[in-house]
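Worksheet for the structure shown next.
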Number of protein chains: 4
Amino acid sequence: MSGINKVILVGHLGKDPEVRHLEGNVTVASFPLATSETYNKDGKRIEQTEWHNIVMWRGLADVASKYLQKGKLVYIEGKLRTRSFEDKEGHKKYTTEVVAENFTMLGRKSDFENGTNGTTAQADKSDNPAAASNFSLDPVDDDLPF
Amino acid sequence: MSGINKVILVGHLGKDPEVRHLEGNVTVASFPLATSETYNKDGKRIEQTEWHNIVMWRGLADVASKYLQKGKLVYIEGKLRTRSFEDKEGHKKYTTEVVAENFTMLGRKSDFENGTNGTTAQADKSDNPAAASNFSLDPVDDDLPF
Amino acid sequence: MSGINKVILVGHLGKDPEVRHLEGNVTVASFPLATSETYNKDGKRIEQTEWHNIVMWRGLADVASKYLQKGKLVYIEGKLRTRSFEDKEGHKKYTTEVVAENFTMLGRKSDFENGTNGTTAQADKSDNPAAASNFSLDPVDDDLPF
Amino acid sequence: MSGINKVILVGHLGKDPEVRHLEGNVTVASFPLATSETYNKDGKRIEQTEWHNIVMWRGLADVASKYLQKGKLVYIEGKLRTRSFEDKEGHKKYTTEVVAENFTMLGRKSDFENGTNGTTAQADKSDNPAAASNFSLDPVDDDLPF
DNA sequence: TTTT
DNA sequence: TTTT
């Protein structure tokens with residue numbers, strides 16, 4: 001039977017997305033995302049940071065490589081996937097990743113502007129009106145908002 | 001700026017979906033969904049049921065009308081939408097609905113079989129291979145599970 | 001059987017929380033929250049805003065009245081509850097609210113500082129170390145972050 | 001700043017929970033949970049199962065050890081935590097776990113009855129009135145359902 | 001290692 | 001109006 005495997009994260013990118021192009025014209029983007037939590041221990045405020053390996057495929061990877069950068073605050077929805085691999089010494093290891101299904105940029109509007117290549121905010125805005133900040137691979141049911 | 005508007009429900013259908021066909025060949029299905037919660041009051045076990053108005057559009061409505069029936073247990077993901085209308089006496093009223101984005105059938109396998117018209121489990125299975133129980137309007141990135 | 005009734009929102013407060021004190025020393029805070037969504041219609045970027053009625057009870061209301069203000073960006077988790085009431089003309093009406101179970105402030109750190117009564121950022125920080133921004137009614141399993 | 005780190009799973013236990021008692025009278029329960037997903041590949045129905053390491057602490061572990069068993073269908077909410085350890089050969093490894101914050105049993109009512117040691121349904125029910133199936137570590141705001 |  |  002089918003189950004549910006859903007992850008919801010809000011955090012900051014630890015690095016710019018690393019983009020790879022696989023055969024068949026498939027794009028993959030990956031980056032670490034930090035989610036922080038604060039709690040009290042012996043009256044002191046402790047911050048604990050959890051790091052997540054985020055992976056985005058195809059169209060989502062393309063848009064991620066365009067908009068997401070180190071330090072940005074982002075909401076990510078996805079699913080868990082654990083895969084095994086061999087490290088350099090031939091030891092079998094496991095890694096758990098969050099395969100993103102959609103993301104939304106949070107934070108100041110200026111964060112939605114792509115400044116990596118020196119385009120001005122204005123140019124970006126005309127190219128990307130109104131701080132478009134929600135991205136997904138959903139079908140383009142674009143005409144009606146439901 | 002874009003935000004997040006997400007609802008996650010697991011509950012039972014209170015009625016069979018009501019299906020309407022709008023102009024432009026658009027299908028809409030709607031039904032009430034009950035989510036129950038139990039808590040203790042004065043040592044007695046109380047069950048409180050919340051009713052949700054679920055709305056499904058287009059392809060999701062089509063598949064809902066095929067598989068969902070009164071009493072079935074279902075996981076639904078969607079978003080909130082409040083709209084106004086006038087009742088028969090002309091009074092403005094508001095209703096809040098959950099516009100579903102995908103759903104997954106839970107429960108026994110026999111629940112995934114469409115038994116309304118006496119078709120056998122086998123016939124259902126050939127029509128509906130492997131008790132497919134997760135439905136969404138996501139793009140059919142069907143070849144690879146990520 | 002028990003079900004799941006969960007709402008996850010990220011949006012901005014439309015107003016300051018309105019706080020009431022009920023008998024039995026129970027605090028209730030309520031405010032509207034806007035979640036915006038952008039989509040394309042005929043090549044134009046449309047923003048559609050959904051308004052949610054948020055309700056917080058007891059300790060969560062107390063902390064909300066202290067930290068949440070009009071315009072702030074907040075993550076809210078809660079559940080749906082529809083209740084009926086009579087309006088002034090005696091007509092029965094329904095309203096659906098999101099009863100919050102916890103919230104987390106998002107956005108710039110300066111947003112976490114309570115500036116309503118002129119306390120300085122520094123004073124706020126000592127009172128509220130490290131921009132504590134996650135609030136819930138969970139038990140204070142504070143010593144260990146799991 | 002605080003972030004969000006949330007996991008939502010619906011799946012079946014692969015084994016009975018393994019319960020350990022740590023110093024300080026702390027209980028820990030852990031078990032594997034399977035979430036299955038089906039998709040089409042070349043016209044064939046493929047099922048892919050993802051395994052999650054679930055960990056429950058303290059009171060939640062106690063109730064888990066009482067109600068959860070191999071094969072049961074359960075809704076789990078929690079957060080991701082990756083920790084490192086050394087395997088027998090002294091190699092550093094990482095494992096990602098879902099630290100559960102609450103769970104709800106889904107499925108037939110008979111599944112809520114603890115039949116491992118031959119107690120009757122009736123005895124179970126008196127001990128566990130009304131098939132209580134939602135468990136969490138939330139404060140016992142038991143008198144009012146909000 | 002679950003379930004269908 | 002569901003389910004337990």
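Residue numbers begin at 1 in each chain, while the letters A, B, ... track the order of the sequences. This is a predicted model, so every value here is computed, not measured.
- Checked by atom type, the side-chain pair Tyr75(D)/Glu77(D) shows a donor-acceptor distance below 3.5 Å.
- Under the 4.0 Å criterion applied to side-chain N and carboxylate O atoms, Lys79(C) and Glu50(B) are not assigned as salt-bridge partners.
- Whole-Å rounding puts the Lys15(B) NZ to dT2(F) C1' distance at 11 Å.
- The pair Arg83(C)-Glu97(C) meets the salt-bridge criterion, since a charged nitrogen lies less than 4.0 angstrom from a carboxylate oxygen.
- Residues Arg45(B) and Thr38(B) bring a donor and an acceptor atom of their side chains to less than 3.5 Å of each other.
- At whole-Å resolution of the value, CG in Leu33(D) and P in dT1(E) are 16 Å apart.
- The nearest whole Å value for the distance from the CG atom in Leu106(B) to the P atom in dT3(E) is 16 Å.
- When heavy atoms are screened at a 4.0 angstrom cut-off, Gly71(B) is found touching the sugar-phosphate backbone but no base atom.
- As a whole-Å value, the separation of His52(B) NE2 from dT2(F) P is 15 Å.
- Atom-to-atom, CG of Leu73(B) to P of dT3(F) comes out at 11 Å; the value is rounded to the nearest Å.
- Computed from coordinates, the His12(D) NE2 to dT3(E) C1' distance equals 4 Å when rounded to whole Å.
- In the set dT3(F), dT1(F), dT2(E), the nucleotide with an atom closest to the side chain of Pro32(B) is dT1(F).
- The side chain of Trp51(D) lies closest to dT1(E), out of dT2(F), dT3(E), dT1(E).
- Spacing between atom CD of Gln48(B) and atom C1' of dT1(F) amounts to 16 Å, rounded to whole angstrom units.
- Rounded to a whole Å, the CZ atom of Phe103(B) is 20 Å from the P atom of dT2(F).
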